Amino acid sequence: MAPRRSHAEPVPTATSGGATRAWRAAWRREPGRAAWTAIAIGSLCVMLGAWAWATRPGGAIPALFLPPPGDVAASFVRLVSRPYLGSTFGAHVLSSLDVVIGGWLLAGAVGLPLGIAMGWWRRARWIAFPLFQVLRPIPPLAWIPLAIVWLGIGEPARIFVVFVAALVPWVMNSMQAVHSIDGLLVRAARTLGASDRQILTRVVCRTALPTLVAGARIALGNAWTTLIAAELLAATSGLGYIALNASRTLEMGILLVSMLVIGVLGAAFSFGMQALARVFAPWSRGART
Amino acid sequence: MARVRREARIVTRDAAPTPHIAHSAAVGAVSPRDASPAPVPKLELRGIAKTFRTDHGDVEALAPCDLAVREGELVMVVGPSGCGKSTLMSIAAGLEAPTSGEVRVDGRPAGPAGPQRTVVFQRFALFPSETVEGNIAFGLTVAGVARAEREARVAEQLELMGLARFRRAWPHELSGGMQQRVAIARALAVRPEILLMDEPFGALDAQTRTVLQGEISRLRRVMNYTVLFITHSVEEAVYLGDRVVVMSSRPGRIRRDIAIPHDEPWRGLEIEDASMREEFIRYKREIWELIRTEIVRE
Amino acid sequence: MSASPPLAPPSARPRAAVPAALIVGAASIATLVVAWQVVAMAGIVPARVLPTPLDVALRFATLAVETFSGSTLEGHALASLTRWVIGAACAIALGIPLGVALAWLPPLRPVIAPAFELLRFIPPFAWVPIAVLWFGASTTTQALIVFIAAFPACVINAHLGVSLVDPILPRAAAMLGAGGVATLRRVVLPVAAPSIFTGVRIAFSNGWMALVGAELVVGKQGLGFLISQGQINDSVTTIMVGMIAIGALGALIDFGFQRVERAWLPWLAFGAKRAS
């Protein structure tokens, strides 16, 4: 540790003390854009290199534990060029997307109006909120066995589970968004002669829009996460299904590719929804979830 | 005689004399009447300048500034908003590095921030997770002061600032005025050599401010701290200061340095009474005129 | 002096709203349960698909004392809790220091951020197949899934909490003579603590949910395993008992944690926060 202040001590000489201070200050400053990019790329390269080195033939990690990066790339090519488990890779992805979007929209169709109603009329909140409080702690995944018993191993069961996963964020965020609107805005609209319906559509829903979109984004994230789990248990197609099969047949490359694609699509949903928020509610750049 | 000598050392950058205010030549200059060698100033800013780098190019916040504060002196810095007063303060405290120039304490380079120069911030900056006591004791704790000594000094400050009832309160439970009292107590508890006050009453309501101004004036009579005090209130500057330094804006520079003698007839009065005295108003008008030309100039 | 007539507290009217909300809420839950009982008894849907609430309650009592799929309900719950504690504890022990370091030492950000962001979007359950290959159907596998689910919340919230600390507070600490470590320990971490606690709370809940998913796929014990066995045995009552146990334990963990948070962070105006 460099000596700290105190007037009683001799002041450190300009060279040594100055260098220490500059070094410390550098650790407390955000690197510039160029440096940031360079370090980021360097860090990725080092990690990729370490992976390749550790998994090289005769390396520390056997390919059955973690395949080398080359194998993963080859598996990706294999997956997109030839059908796997009865359908093309594209068909598997579409099957997953189909269920996730379907269940998410269905949940929105129910949850959005319900949440807005719960935020706007306190009687609706009194009736419905406790039900959600009771159901909320049950993880969506825990519904999967019930869905299988009720609906069998098929698309309806998966849509049901995705619906359950997406419903809670849709409802809770819409309710929160409407409920937390500044009462002054509503009063201002009323003094300007707006009717109740106009206040709800023009003032409340518009002001609440950023939070509503944030709720939609969380709902989509939950839906995607849950779908993957559902596909591990009850599916004959989809990315989760590929992952489980690859694990059973010890095709490590394919397993990693499916995980990566799942991650990339999840990221795409998240960023896509954020972009959507900027389009629909450009005034709320700083809005948090 | 002593009075005259003090005034004679006053720093002025603007040559134009004003009828009733004394001026002198340069920084640290010894008056010809002063036979003894010039005492080293307690706090000295030598050619302090600060330039900020922004996306739109460099912005000069402070042009080279010279300012000396003698032991036991209270110097007020006033200026229009955006004149770099707060930057000057951060540099004086060692919280920011100047682009050029040097801060000296007792004639030696001051080094980074530390309890030798403590700061009272406009936004209080109390540690929310420490009680009133914990806040006041903070500087002593990190310095490793023994428990008995620490408790004695905290008790002394609680007494001095009238905070004894609130010793176990959390900062968020206190009013703004009380929070600022804690901040002042915290800054004094480490027995700093220099107290830096950065618009300490700027965030308070008018009544609380008046009370605290009275407190500072009273504190000054009890203990003779060396104080550099930033404010935007001309009245506060005249009321509390031994000297008032007027800054100009963009880039900030020291425009005038005005001494306010101790024997002014309104000294010792409360601010609302003092501010009605003719002499007080004359100072106030003088300073306000300088600031106004600065604002109009922009 | 005898008692003076009590003054009506100014908050009397808004306070009256709370019991009303409670009554309506309780009534609505009660109505749902009764409706469920009636529908199930009416025989519209076979009892195999929809048992009555009473059946579920009975099954709960049975499972609590009888062994099913290897152990009693308590045994399964204990197995789940053990894995959850191991995984969550590792996530907290590694995630919070990493988040704090990322916020306090900005040059670390570009080193960590790319890999972190790449991996963050892979759902925890997607790791189940590979975790099984790595560690088999063991406690390690389950704890790893809990860890993966809980880790990002710890990192992100610790990072957020520390970066949002008002920069004037470290300055105030510096001018009072505190060094980097003292500032971090005595000023920055306490101020960031609410956000860090929020992260831990999210991490606990994410970890618990992910564990259920992992137990559905692999393992021979645990509440997730219990409901998957219920599915195989076509016993909807068992599934429902498992779901209720999972939900109740999750809620209990969350509730307990909120208590701990209040006790540990006494300087936060919890009362004021709730009131607004």
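Just so we're on the same page: letters track the sequence lines, and every chain starts at 1. It should be emphasised that the depicted structure is a prediction, and the values quoted were computed from it without experimental measurement. The figures that follow rest on heavy atoms only: side chains count, while hydrogens, waters and symmetry mates do not.
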A:Met47 portion near chain C, given a 4.5 angstrom heavy-atom threshold
side chain
Minimum-distance pair of heavy atoms, taken over all atoms of A:Pro130 and C:Gly25:
CG-CA, 3.3 Å
For chain C, which candidate among A:Pro145, A:Pro137, A:Ala38 shows the most heavy-atom pairs at distances under 4.5 Å?
A:Pro145
Engaged part of C:Ile239 at the chain A interface, taking heavy atoms whose separation is under 4.5 Å
side chain
Best-contacting candidate, C:Leu216, C:Val217, C:Val236, C:Leu118, against chain A by heavy atom pairs under 4.5 angstrom
C:Leu216
Interatomic distance, A:Thr225 atom OG1 to C:Asn206 atom CG [nearest 0.5 angstrom]
9.0 Å
Students often mix this up, so state it plainly: with edges at 30° and 60°, are the rings of A:Phe65 and C:Trp134 parallel, tilted or perpendicular?
parallel
Counting only heavy atoms closer than 4.5 Å, note whether C:Leu223 contacts chain A via side chain, backbone, both or neither.
neither
On a heavy-atom basis, which atom in A:Pro139 and which in C:Ile246 lie closest, and how many Å separate them?
CD-CG2, 3.3 Å
C:Leu133 portion near chain A, given a 4.5 angstrom heavy-atom threshold:
side chain
Between atom OG of C:Ser228 and atom CD1 of A:Ile148, what is the distance when rounded to the nearest 0.5 Å?
9.5 Å
Enclosure of A:Phe132 CZ (heavy-atom neighbours >12, cutoff 6.0 Å)
yes
So how far is it from A:Ser247 OG to C:Ile130 CD1, rounded to the nearest 0.5 Å?
8.5 Å
Ignoring hydrogens, what is the shortest heavy-atom contact between C:Phe121 and A:Ser270? Give both atom names and the distance.
CE2-CB, 3.6 Å
Main-chain N/O of C:Leu22 paired with A:Trp126 side-chain donor or acceptor, under 3.5 Å
no
Measure distances from C:Val128 to the heavy atoms of chain A and classify the residue's part below 4.5 Å as side chain, backbone, both or neither.
side chain
Need one label for C:Ala113: side chain, backbone, both or neither, based on atoms under 4.5 Å from any heavy atom in chain A.
side chain
Would you check, one step at a time, whether the test side-chain contact (heavy atoms from CB on, under 4.5 Å) holds for A:Leu233 with C:Gln231?
CA-CA 11 Å; A:Leu233 289 159; C:Gln231 178 212 322; 5.8 Å; no
Most heavy-atom pairs under 4.5 Å with chain C, out of A:Leu232, A:Leu260, A:Leu244, belong to A:Leu232
Picking from C:Val111, C:Ile112, C:Leu50, C:Val212, which has the most non-hydrogen pairs under 4.5 angstrom with chain A?
C:Val111
Does any heavy atom of chain A fall under 4.5 Å from the side chain of C:Leu32, the backbone, both, or neither of them?
side chain
I'd like to know which of C:Pro123, C:Gly247, C:Pro129, C:Ser28 tops the heavy-atom pair count under 4.5 Å against chain A.
C:Pro129
Would you name the heavy atoms of C:Ile29 and A:Leu131 that are closest together and state the gap between them?
CG1-CD2, 3.8 Å
